[in-house]
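This report refers to the structure that appears directly beneath it.
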Amino acid sequence: MAKNYYDILEVSKTATEDEIKKSYRKLARKYHPDVNPGDKEAENKFKELSEAYAVLSDPDKRKEYDSIGHEAFTSSGHGYNFQNMNYEDMRNFNFGGTSFEDLFGDFFGGFSSRTSRSKAKAAKGSDIVYSIKVPFADAVKGTTYELNINRDAQCPSCHGTGGKKTTCSACHGTGMASDGSFFASPCRACSGTGEKVIEPCAKCKSKGYVHINEHIKIKIPAGIDNDSKIRVSGKGNAGENGAPEGDLYIKTTVIDSPVYERNGSDLTINMDIDIFEAALGTKLTVPTPYGAVNLNIPAGVKSGQKLRLKGKGMPVLRKNINGDLYVVINIKAPEKLSEDVKDLLAKAQGLSPKLDRSDIVAKGTI
Ligand SMILES: [Zn+2]
Ligand SMILES: [Zn+2]
């Protein structure tokens, strides 16, 4: 007596849909053609499991199968005959909305490893990465760069096809050797492409791409930073068999400013003031990337104090806002004084309250 589908899938007659699926996936994984290449017995077992699963995963078919029994069901023509299926049929089989791809995609890539060798569309061409150094001022204002890049562009004459093509007569365009076997290999006549060039393109000699040196203008947006990547779509290398071109990526390095220290979109500048300015307060001329501004320094400002100039920092990339500019005050004592100034300062010192350091001296003396 022939094995019934429940036995084949190693489940009980009362198994739930989930239990059946789980068991099928486990067993099919063991006998999957990708893990048993060239093994006819495994192939048959895989087909047997798939046929059983095709019936038991369909509630209507399962009901019919249960009521009339294995023999009657399989001879009624309401089931499936997986043993007669070849690779293509299997690949296209649909388990009530679930394909082999969905069932095995997570551990075998479905059957995709084979299909990509056959007629599946070739992937996009490779990307090109180009590094440029951007002066600080250009990073502030944004600019346009012109560069010459070497790349393999899609052949304009044949649009990447390599020439006039016709369907391969050996495989009738399937790209697979048509010996009907489940383990069909790519067609030798067309290397699995399913097509043959009958009139080779003269411009690219059938390669489908031409090496060019292209002049490209690139917009560098304001606010660009180190390792920013600008993508220029379709300016990479041509793909195979007329597939789209990859992209060009411009990687930027911003040259440091001699005066501004950058931290994201904020900038910092150190400004020296003398003791008179610190004591009396002053109006300080501060450079910013957008022109000099006057900044009020209050009398009694501390050394290291940070004053903020809102919105005078770097532009934030692709946003219409700016970071801030921080002015760090550094009080500089005079190094050389004339006798006159010394006298005046001593006089002023006598009139000023003495700085009280007793507390820190007491606390710090051990
Ligand atoms: Zn061409
Ligand atoms: Zn062929």
Side-chain angles (χ1 to χ4, degrees), residues 32-34 36-40 43 46-47 82-94 99-101 104 108-130 147-217 232-249:
H32 194 285
D34 282 354
N36 305 281
D39 184 342
K40 202 77 191 162
E43 177 188 334
F46 183 75
K47 286 179 172 179
F82 271 64
Q83 295 299 332
N84 287 347
M85 282 192 190
N86 64 20
Y87 166 66
E88 278 296 306
D89 299 332
M90 290 276 285
R91 191 165 66 82
N92 296 326
F93 189 81
N94 194 320
S99 66
F100 272 103
E101 198 81 22
F104 299 112
F108 292 118
F111 288 98
S112 56
S113 56
R114 290 146 179 262
T115 53
S116 66
R117 260 194 280 136
S118 64
K119 284 200 59 176
K121 281 234 159 68
K124 199 171 102 162
S126 59
D127 295 331
I128 295 174
V129 180
Y130 202 100
L147 16 124
N148 287 309
I149 56 154
N150 286 309
R151 68 186 191 102
D152 292 331
Q154 190 173 86
C155 172
S157 176
C158 65
H159 304 288
T161 60
K164 207 175 155 193
K165 283 180 173 177
T166 187
T167 303
C168 171
S169 56
C171 64
H172 306 287
T174 63
M176 306 302 284
S178 51
D179 56 5
S181 142
F182 185 77
F183 295 102
S185 49
C187 170
R188 278 193 199 171
C190 62
S191 317
T193 61
E195 292 175 315
K196 279 188 103 172
V197 176
I198 44 170
E199 260 175 51
C201 170
K203 188 166 174 72
C204 66
K205 296 188 178 62
S206 262
K207 283 187 298 186
Y209 61 85
V210 283
H211 194 76
I212 58 164
N213 183 277
E214 192 171 4
H215 186 82
I216 291 177
K217 273 191 187 172
V232 189
S233 171
K235 292 294 180 191
N237 290 314
E240 272 178 51
N241 295 321
E245 287 155 319
D247 301 322
L248 168 67
Y249 285 95

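Order of listing sets the numbers, starting from 1, for every ligand and every atom in it.
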Report task. Could you name all protein N, O or S atoms found under 2.8 Å from the Zn ion (ligand 2)? Result -> Cys168 SG, Cys171 SG, Cys187 SG, Cys190 SG
To the nearest 0.5 Å, what is the distance between [atom1] ([X]) and [atom2] ([Y])?
| X | Y | atom1 | atom2 | value |
| --- | --- | --- | --- | --- |
| Ser233 | Leu248 | OG | CG | 10.0 Å |
| Lys235 | Glu214 | NZ | CD | 3.5 Å |
| Cys158 | Lys165 | SG | NZ | 8.5 Å |
| Cys168 | Glu195 | SG | CD | 9.5 Å |
| Ile128 | Ile149 | CD1 | CD1 | 5.0 Å |

Query raised in the report: Around the Zn ion (ligand 1), how many protein N/O/S atoms fall inside 2.8 Å?
Result: 4
**Report entry** Any donor-acceptor N/O pair, Gln154 side chain to Pro244 backbone, under 3.5 Å
**Finding:** no
Query raised in the report: Is it true that a side-chain atom of Asp247 and a backbone atom of Gly234 form a donor plus acceptor pair closer than 3.5 Å?
Result: yes
Query - Intermediate values then yes/no, side-chain contact (heavy atoms from CB on, under 4.5 Å), Cys201 and Ser206 - result: CA-CA 5 Å; Cys201 170; Ser206 262; 5.5 Å; no
Query - Audit row: Glu245, Arg151, salt bridge (charged side-chain N to carboxylate O under 4.0 Å, His left out) steps and yes/no - result: CA-CA 10 Å; Glu245 287 155 319; Arg151 68 186 191 102; 3.4 Å; yes
